[in-house]
Q: 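Would you mind keeping the following structure in view while I ask a few things?
Throughout, a chain's letter reflects where its sequence line sits, starting with A, and its residues are numbered from 1.
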2 protein chains.
Amino acid sequence: MLSPTGGTPQTPTRVLVIDDEPQIVRALVINLKARRYEVDAAHDGATALELAAARHPDVVVLDLGLPDMDGVEVIRGLRGWSRVPILVLSARHTSDEKVEALDAGADDYVTKPFGMDELLARLRAAVRRAEPTGAGEDDVMVETEEFTVDLAAKKVNRGGKDVRLTPTEWHLLEVLVRSTGRLVSQKQLLQEVWGPSYGTETNYLRVYMAQLRRKLEADPSHPRHFITEPGMGYRFEP
Amino acid sequence: MLSPTGGTPQTPTRVLVIDDEPQIVRALVINLKARRYEVDAAHDGATALELAAARHPDVVVLDLGLPDMDGVEVIRGLRGWSRVPILVLSARHTSDEKVEALDAGADDYVTKPFGMDELLARLRAAVRRAEPTGAGEDDVMVETEEFTVDLAAKKVNRGGKDVRLTPTEWHLLEVLVRSTGRLVSQKQLLQEVWGPSYGTETNYLRVYMAQLRRKLEADPSHPRHFITEPGMGYRFEP
DNA sequence: CGGGACCGTCAGGGTTGCGTCAAAGACCGG
DNA sequence: CCGGTCTTTGACGCAACCCTGACGGTCCCG
């Protein structure tokens with residue numbers, strides 16, 4: 001797994017690394033960047049807090065042994081305004097320090113020396129946990145002048161009223177809308193909606209595209225949003 | 001700090017402990033109960049999954065070395081339908097196993113022998129993180145023109161009188177109301193209400209959806225709030 | 001100018017999925 | 001041990017959906 005988000009190319013995950021030992025920072029930065037993370041680094045607590053406020057990282061890796069302030073203070077400073085996952089690094093093995101850091105608001109605690117694989121796995125876990133919160137607020141909605149598609153709720157609204165779509169109609173619409181503006185080949189549409197073994201039954205597409213247009217286009221015989229590219233495929237335009 | 005929730009007396013945090021070693025279970029149960037957690041225990045994977053589905057714990061402590069199935073399978077079984085925090089215990093120190101468990105969906109990984117203080121701190125951290133989800137359920141009252149659902153009090157009021165719901169009916173209603181307006185697939189409903197192994201028994205849904213409508217809809221044969229989307233799932237509309 | 005390829009439209013038939021009812025089985029408390 | 005409630009299971013009618021074939025239109029190319 002190279003991409004931290006699991007494959008789909010989207011906005012990269014932003015990591016803030018806070019440590020005063022250059023070799024640790026270097027190792028982390030190299031490994032994280034190789035896995036398509038976007039990385040900021042700070043070597044003391046003050047700049048760390050500034051950077052966090054400015055860049056809004058998706059996850060923080062924090063070494064407790066900082067030159068200017070106690071690591072737990074950094075955690076409290078972050079927790080005052082943010083719920084970003086905090087992964088603590090420390091050379092101390094004592095239980096007390098772990099408990100203090102975790103109760104201050106840290107999400108995980110890794111003792112040095114640590115295995116890079118494990119650290120990255122814990123980092124993935126922390127990011128994954130935080131995702132639903134952030135994703136829940138994002139309304140995945142695509143709008144045109146005539147209708148609105150809500151991908152999360154699986155709803156289509158047109159003129160204030162919900163439009164009823166059959167499963168196949170919805171599935172087809174979903175595939176088209178997910179690559180808005182781009183051409184989707186007939187083969188790809190058929191395989192995504194009807195399954196991998198369907199590649200040539202283009203008449204299915206004709207029938208269901210007509211039903212979609214009838215339900216969503218103002219003038220179904222002159223479509224403005226569901227454009228057909230003869231011989232190639234279809235395209236959705238907002 | 002005696003109470004896990006930080007002092008205010010509210011519904012206690014429910015922990016599910018999964019381990020086949022009696023002395024470990026005993027030590028955990030004693031420590032957790034002393035801190036006002038509500039504790040369920042299972043000594044194998046099968047009963048663990050059943051208990052999780054039945055009791056809906058707020059956090060799970062899972063030993064990977066179980067007699068009947070691989071611990072990672074238990075994680076996957078839980079993750080199929082729940083986002084409950086999972087804290088993994090294991091005697092293995094190898095990085096591979098940690099990575100595998102974390103990527104399967106575990107939230108934290110503690111190697112045995114572990115310090116009880118640290119484990120409890122990690123448990124607190126896991127529960128605290130999950131709270132935003134749980135906080136959404138707190139004072140949520142969903143109202144329609146005909147009835148009112150109080151998710152916190154687990155009560156449904158219709159025309160000034162409380163409506164009696166069986167556990168399954170309530171559970172189904174809860175899942176639907178928790179994602180008001182959004183479509184919930186029948187697979188998701190089945191797995192959330194009946195457990196992860198129920199994905200295809202759609203007749204259960206038909207029966208219980210009918211009972212819900214009979215108890216809550218003005219005209220059960222023409223539902224206005226419990227909408228069925230043929231082939232896809234159901235949706236609750238206020 | 002004619003033929004073929006491609007697309008849009010329509011309607012009918014097989015199949016699936018849903019709602020409903022009823023009865024048997026599991027569980028609980030008395 | 002018994003009675004009640006809740007859950008599970010099966011059968012049946014009906015509506016909706018999916019597939020299919022046929023027909024007509026348009027565009028491109030021979």
Side-chain angles (χ1 to χ4, degrees), chain A residues 154 156 162-176 183-187 189-195 197-235, chain B residues 50-51 53-55 154 156 163-176 183-187 189-195 197-235:
Chain A
K154 289 205 196 303
V156 181
D162 284 351
V163 182
R164 271 193 56 81
L165 294 185
T166 73
T168 315
E169 287 164 6
W170 173 261
H171 207 155
L172 181 61
L173 174 68
E174 198 177 11
V175 174
L176 283 170
L183 174 75
V184 188
S185 74
Q186 328 191 17
K187 191 179 198 175
L189 281 172
L190 282 165
Q191 295 191 338
E192 283 236 31
V193 177
W194 279 268
S197 54
Y198 292 75
T200 57
E201 290 81 347
T202 58
N203 45 330
Y204 293 12
L205 283 180
R206 292 207 292 277
V207 171
Y208 278 92
M209 201 59 73
Q211 292 183 357
L212 268 187
R213 296 206 253 240
R214 199 174 309 135
K215 290 186 178 180
L216 298 179
E217 292 273 4
D219 182 359
S221 52
H222 299 93
R224 296 190 49 219
H225 303 107
F226 299 97
I227 317 286
T228 133
E229 306 276 358
M232 312 190 53
Y234 293 85
R235 168 204 318 272
Chain B
E50 281 175 29
L51 259 178
R55 303 271 295 160
K154 291 199 191 297
V156 182
V163 182
R164 257 192 67 79
L165 293 185
T166 74
T168 312
E169 287 165 5
W170 170 260
H171 207 153
L172 181 60
L173 174 68
E174 193 178 15
V175 174
L176 283 170
L183 176 80
V184 189
S185 73
Q186 48 238 23
K187 188 177 191 177
L189 282 171
L190 282 165
Q191 295 192 336
E192 284 236 28
V193 176
W194 279 268
S197 55
Y198 293 75
T200 57
E201 287 81 348
T202 59
N203 44 330
Y204 292 14
L205 283 181
R206 292 207 293 277
V207 171
Y208 277 91
M209 201 59 72
Q211 292 182 358
L212 268 186
R213 296 206 251 239
R214 201 173 307 134
K215 290 185 178 180
L216 298 179
E217 291 272 5
D219 181 359
S221 53
H222 299 93
R224 296 192 51 222
H225 303 106
F226 299 97
I227 316 286
T228 137
E229 303 278 359
M232 311 212 291
Y234 293 85
R235 172 202 317 274

Q: What is the nucleic acid contact for B:Tyr234, judged by heavy atoms within less than 4.0 Å: base, sugar-phosphate only, or nothing?
A: sugar-phosphate
Q: Which heavy atom of B:Phe226 sits nearest a heavy atom of B:Glu217, and at what distance?
A: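 Scanning both residues, the minimum pair turns out to be N-OE2, 3.0 Å.
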Q: Just checking A:Gln211: base, sugar-phosphate only, or nothing, at a heavy-atom cut-off of under 4.0 Å?
A: nothing
Q: Please determine, for the side chain of A:Pro167, which listed nucleotide (D:dC18, D:dT8, D:dT7) has the closest atom?
A: D:dC18
Q: OP1, OP2 of D:dA16 versus side-chain N and O of A:Thr166: anything below 4.0 Å?
A: no
Q: Assign A:Thr228 to base, sugar-phosphate, or nothing according to its heavy-atom contacts below 4.0 angstrom with the strands shown.
A: sugar-phosphate
Q: Taking the side chain as C-beta and beyond, is there a heavy-atom pair between B:Glu174 and B:Lys154 under 4.5 Å?
A: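 The answer is yes; the side chains approach within 4.5 Å.
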Q: Ignoring backbone atoms, test whether A:Trp194 places a side-chain nitrogen or oxygen under 4.0 Å from the OP1 or OP2 oxygen of D:dC18.
A: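 No, outside the criterion.
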Q: Contact between B:Leu173 and B:Lys215 at the side-chain level, heavy atoms closer than 4.5 Å - yes or no?
A: no
Q: Can you pull out the residues from residues 214-227 of chain A that lie within a 4.0 Å heavy-atom distance of DNA chain C?
A: A:Ser221
Q: So does B:Arg164 get a side-chain nitrogen or oxygen closer than 4.0 Å to the phosphate oxygens (OP1/OP2) of D:dC6?
A: yes
Q: If you walk 5' to 3' along DNA chain C, what is the first nucleotide with an atom under 4.0 Å of a heavy atom in chain A, and what is the last?
A: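 Boundary nucleotides touching chain A, in 5' to 3' order, are C:dC6 to C:dC10.
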Q: Determine the minimum heavy-atom distance between A:Glu192 and A:His171, stating which atoms define it.
A: O-NE2, 3.5 Å
Q: What does A:Tyr204 touch in the nucleic acid at a heavy-atom separation under 4.0 angstrom: a base, only the sugar-phosphate, or nothing?
A: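 Sugar-phosphate: the residue A:Tyr204, judged by heavy atoms under 4.0 Å, touches backbone atoms but no base.
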Q: Any chance you could measure A:Glu229, atom CD, to A:Tyr234, atom OH, to the nearest 0.5 Å?
A: 10.5 Å
Q: Can you name the closest pair of heavy atoms from A:Tyr208 and A:Leu172 and give their distance?
A: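 Reported closest heavy-atom pair: CB-CD2, 3.8 Å.
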Q: Could you tell me whether the side chain of A:Ile227 reaches within less than 4.5 Å of the side chain of A:Leu183, counting heavy atoms only?
A: no
